[in-house]
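Written out below as structure tokens is the structure these notes cover.
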Amino acid sequence: MQKHLSFLFIISVIFSFYSCETEATKNKDHLIFRYNEHSNIPTLDPAFARNPQSIWPTNQLYNGLVQLDDALNIQPDIAKSWTVNDTTNTYTFTLRNDVYFHKNKVFAVNSQDSTRTVVASDFTYSFDRLLDEKVASSGSWVLQNVHSYRAENDTTFTIQLKQPFPPFLGLLSMRYCSVVAQEAVTHYGSEFRRNPVGTGPFQFKLWEENVKLVLRKNPLYFEKDEQGNQLPYLEAVAVTFLPDKQSEFLQLVQGKIDFISGLDSSYKDELVTTHGKLQEKYKDKLQLNTGPFLNTEYLGFFLDTESPEITSKTLRQAINYGFDRVKMVTYLRNGMGIPAVNGFIPKGLPGFEAIDGYSYQPEKARELIAQYTQETGDATPEINIGTNSQYLDLCEFIQRELEKIGIKVTIDVMPPSTLRQMKSTGELDIFRASWVADYPDAENYLSLFYSPNFTPDGPNYTHFKNETFDSLYVKAQGISNIDDRKALYTQMDSIVIQEAPVVPLFYDMAVRFVNKKVSGLGSNPQNFLVLKRVKKAK
């Protein structure tokens with residue numbers, strides 16, 4: 001009897017402990033923002049923040065000279081002001097003197113974690129590191145147009161360009177250009193990737209790779225809201241790593257995470273009507289936020305090949321005319337996207353114009369196929385499209401439509417990493433790809449077709465080359481007035497459409513399903529996650 005009572009007592013204590021822990025966690029839930037990263041986060045080092053899964057957490061951890069607001073306007077960050085000398089292509093930044101690195105043992109004073117203020121020489125070090133071949137940063141290209149940079153004093157940093165480059169300030173807003181502390185990089189070495197020390201609104205707490213990442217509020221953060229309240233409002237950010245999107249969706253519905261981004265085929269019909277509205281049964285739990293997303297989804301042709309189906313502009317144009325983009329977006333994306341019937345530059349960027357792109361014209365496509373057969377003697381054209389499983393439905397739709405007009409299509413499905421590698425090395429005749437704006441200028445999209453940017457030296461994956469395009473591209477770099485640049489951008493975009501090195505599919509939309517308790521989570525055309533102004537109701 002005594003043993004039985006002792007056992008019941010122990011069970012009671014354990015139950016009470018977990019009940020208290022659960023209650024405590026529940027009481028603090030409104031101070032924690034939770035999301036899931038279904039892809040692995042490879043690093044928390046901003047020098048390698050090349051994709052959303054790394055950019056999202058590093059956005060919380062670091063700051064740069066400037067930042068973008070939700071409308072893509074350049075705003076002060078660590079630099080409180082700047083001037084531009086167009087004659088010498090020199091940018092002079094005046095830095096704040098109240099920005100501190102996160103408290104860390106690398107700044108220890110009397111064995112206690114400490115910190116120090118950011119000074120201009122920290123940007124000199126951070127940029128040197130970005131360019132260091134031993135570091136091999138994926139962001140070194142950001143400074144390719146820079147002639148020199150230096151710290152004039154603790155609060156003045158200057159950058160001189162080799163030649164005019166109007167989008168440069170937008171480029172500096174990229175996470176690659178974050179400031180890091182030499183003490184931290186030196187101390188942690190290769191482990192800096194998982195021991196980040198930045199200046200951002202949240203600081204690193206815990207990272208159990210592929211399981212959980214936890215960031216805590218930075219009590220020394222310098223930014224304040226319009227009422228003078230210190231940012232951020234939240235106490236913590238918690239990231240999980242469930243690889244399955246269906247599981248991620250269930251976590252959202254159960255209130256275990258606070259938002260998901262994007263519309264996956266596994267749950268799109270469950271959440272969204274065919275007209276792109278939130279399903280009625282979720283309106284009490286979730287809000288649907290949509291907006292322009294600077295992302296063009298496309299198929300690319302690798303033109304350095306002897307395959308007649310690829311080298312023939314006639315057949316490339318036939319493929320462009322051979323399927324219905326409006327129908328594809330309506331039924332496969334539930335209307336979440338804008339059919340790419342104009343150029344390659346997406347809607348929402350200066351330079352987008354309603355130029356005549358490729359609409360659905362099956363008879364014209366058949367005429368072009370007949371012309372291709374006459375030119376080459378190939379009466380049975382066949383193409384292969386490389387894609388990953390996430391976009392298989394789109395490629396299968398295109399496959400069915402093209403086979404109706406006489407083009408046989410084979411689809412090769414491969415892991416995303418394999419697709420990226422084969423696309424970069426020219427091993428795929430046709431590849432499905434996306435181009436998300438690195439910075440808010442149409443030049444970023446047109447750089448994919450500038451011939452000196454052939455991969456692996458740049459993002460010209462198609463190896464497209466056109467002398468007129470190249471000369472316009474160079475000319476645009478010397479024009480600071482955006483309206484004058486837009487006219488050249490439109491000309492270049494028209495050349496791309498006419499020559500058809502790509503098949504634009506649709507211009508994407510930023511789609512976010514957000515817990516109704518969350519406020520302040522804006523939407524921006526780059527779909528970046530910015531949490532410093534987010535609040536959660538109890």
Side-chain angles (χ1 to χ4, degrees), residues 84-91 140-147 159-171 294 296 298-305 310-314 316-317 320 340 342-358 423-424 426 433 435-504 507:
V84 183
N85 185 327
D86 289 333
T87 304
T88 60
N89 302 316
T90 301
Y91 295 69
S140 59
W141 62 270
V142 171
L143 301 180
Q144 65 186 359
N145 197 36
V146 171
H147 175 265
I159 303 174
Q160 185 177 22
L161 304 187
K162 298 172 184 174
Q163 62 265 333
F165 186 63
F168 183 64
L169 280 173
L171 209 73
L294 299 183
T296 298
Y298 69 100
L299 301 180
F301 299 95
F302 182 69
L303 301 179
D304 269 348
T305 178
I310 307 303
T311 57
S312 169
K313 181 172 75 172
T314 305
R316 297 199 304 269
Q317 289 178 332
N320 268 288
N342 303 113
F344 190 75
I345 299 170
K347 194 167 186 177
L349 265 188
F352 170 85
E353 296 293 339
I355 62 175
D356 290 333
Y358 293 100
K423 178 183 71 171
S424 298
W435 189 260
V436 182
D438 293 311
Y439 46 91
D441 193 283
E443 179 275 337
N444 190 220
Y445 285 84
L446 298 169
S447 68
L448 272 70
F449 308 103
Y450 182 48
S451 62
N453 285 344
F454 278 10
T455 50
D457 298 325
N460 188 339
Y461 299 103
T462 62
H463 282 207
F464 174 75
K465 184 172 185 177
N466 181 281
E467 289 184 5
T468 305
F469 180 96
D470 286 352
S471 64
L472 290 170
Y473 183 89
V474 172
K475 183 179 179 182
Q477 304 316 301
I479 299 174
S480 57
N481 183 284
I482 182 60
D483 292 323
D484 294 337
R485 286 209 313 281
K486 276 168 58 178
L488 296 181
Y489 288 164
T490 302
Q491 287 184 56
M492 285 184 271
D493 208 9
S494 298
I495 291 171
V496 170
I497 292 304
Q498 174 61 29
E499 296 299 316
V502 291
V503 181
Y507 316 120

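We use all heavy atoms of the structure for the numbers below, so side chains are in, but hydrogens, waters and symmetry mates are not.
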Is there a side-chain contact between [X] and [Y] (heavy atoms, below 4.5 Å)?
{"X": "Thr490", "Y": "Ile355", "result": "yes"}
{"X": "Tyr450", "Y": "Val474", "result": "yes"}
{"X": "Asn320", "Y": "Pro504", "result": "yes"}
{"X": "Tyr473", "Y": "Leu488", "result": "no"}
{"X": "Phe464", "Y": "Val502", "result": "no"}

Would you confirm whether [X], through its side chain, and [Y], through its main-chain N or O, come within 3.5 Å as a donor-acceptor pair?
{"X": "Thr296", "Y": "Phe344", "result": "yes"}
{"X": "Gln317", "Y": "Gln498", "result": "yes"}
{"X": "Lys162", "Y": "Gln144", "result": "yes"}
{"X": "Tyr91", "Y": "Gln160", "result": "no"}
{"X": "Tyr445", "Y": "Ala437", "result": "yes"}

Across all chains, not counting sequence neighbours, the salt bridge (Lys or Arg N to Asp or Glu O under 4.0 Å) partners of Asp493 are none
For Trp435 and Pro459, the nearest pair of non-hydrogen atoms, with its separation, is CH2-CB, 3.6 Å
Practice prompt. Identify whether NZ of Lys or CZ of Arg in Lys423 sits under 6.0 Å from the centre of the six-membered ring of Tyr461 and within 45° of that ring's axis.
Written response: yes
For residues 472-481, the salt bridge (charged side-chain N to carboxylate O under 4.0 Å, His left out) pairs (sequence neighbours left out) are none
Residues 436-448 vs salt bridge (charged side-chain N to carboxylate O under 4.0 Å, His left out), sequence neighbours excluded, gives Asp441-Arg485
Verify the distance criterion only: is there a donor paired with an acceptor across the side chains of [X] and [Y] at less than 3.5 Å?
{"X": "Asn453", "Y": "Ser447", "result": "no"}
{"X": "Thr455", "Y": "His463", "result": "yes"}
{"X": "Gln163", "Y": "Asn145", "result": "yes"}

